[in-house]
Amino acid sequence: MILTVVGCAGSVPGPDAACSCYLLEHDGFRLLLDLGTGALGPLQRFADPCAIDAVVLSHRHRDHCSDLMLLAYLRDRRGAPGRLPVIAPAGTQAHVTDPTPRDYERVLDWRDPPAAPFRLGPLTIETAPVRHSVPALAVRVTAGAASLTYSGDTGECTELLDLARGTGVLLCEAAASVETPGSGAAHLTPSQAAHLAKSAGAAHLVLTHLRPWADPMAALREARGVYGGPLSLAAPGLRVAV
Ligand SMILES: [Zn+2]
């Protein structure tokens, strides 16, 4: 699998980064993890939006899902064939489609996350509920021996640790920091993300979802103090072989 970071900013877009959106490609199949504010633009640098095969939304906050309806509009106008599977926590659809005059039923195929691992093309998908201010999920994507676990937004929870055990890449949010007081229960600090990577035995930690006003070098230093393995900071265009 190849991971491409499309957008990685937390809460709001930054000057050089859209909000959360990650493209996973394997055997010609293209899966999006989240499609947050501003991400549809840069997505077009990396993939034809009509060639996306499925989307997993971690939760209903706008920095994770607001551009989905723009993708639906684009696919509708361009006559993209078929309906795009969208897996999201229950209740997400109503929030995401609320401000739009059309529900794009012809374009989008909303699905609740199954309790057991399921297949999307050549990929096996497993989700787990995580700890956030609204229903939210983390997701593990597996192809053969390769695996990536994406935290979505979460505070510390055993569900994420269990999902991430032995993962190849841990793509983990680190939005909580001293610059963002009060967000600790619903988000992870870089140190907590690093402890998670260490406890789970993740082979590679990719920190993501920093707010635009956070200091990325400080986040890296904080994580490096805990986790000794390969460590990266998400940035638009970053590609990682999973
Ligand atoms: Zn959130």
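Atoms within each ligand, like the ligands themselves, are counted from 1 in listed order. Residue numbers count from 1 along this sequence.
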Chemist: Kindly indicate whether the side chain of L148, heavy atoms from C-beta on, has any atom under 4.5 Å from the side chain of R140.
Modeler: no
Chemist: Taking C-beta and beyond as the side chain, do L33 and S58 meet within less than 4.5 Å on heavy atoms?
Modeler: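 SC-SC contact between L33 and S58 ruled out.
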Chemist: Pick from I87, I125, I52, D53: which one makes a side-chain contact (heavy atoms from CB on, under 4.5 Å) with L31?
Modeler: I125
Chemist: Report the protein N/O/S neighbours of the Zn ion (ligand 1) that fall below 2.8 Å; do not count waters.
Modeler: H59 NE2, H61 ND1, H132 NE2, D153 OD2
Chemist: Taking atom types as modelled, find out whether Y22 and T208 have a side-chain donor-acceptor pair closer than 3.5 angstrom.
Modeler: yes
Chemist: Classify the ring geometry between H132 and H59 as parallel (under 30°), tilted (30 to 60°) or perpendicular (over 60°).
Modeler: perpendicular
Chemist: Could you go through residues 232-239 and list every donor-acceptor pair under 3.5 Å that involves a side-chain atom there, pairing it with any protein atom two or more places apart or in another chain?
Modeler:
unit_1	atom_1	unit_2	atom_2	d
S232	OG	H204	NE2	2.7
R239	NH1	T4	OG1	3.1

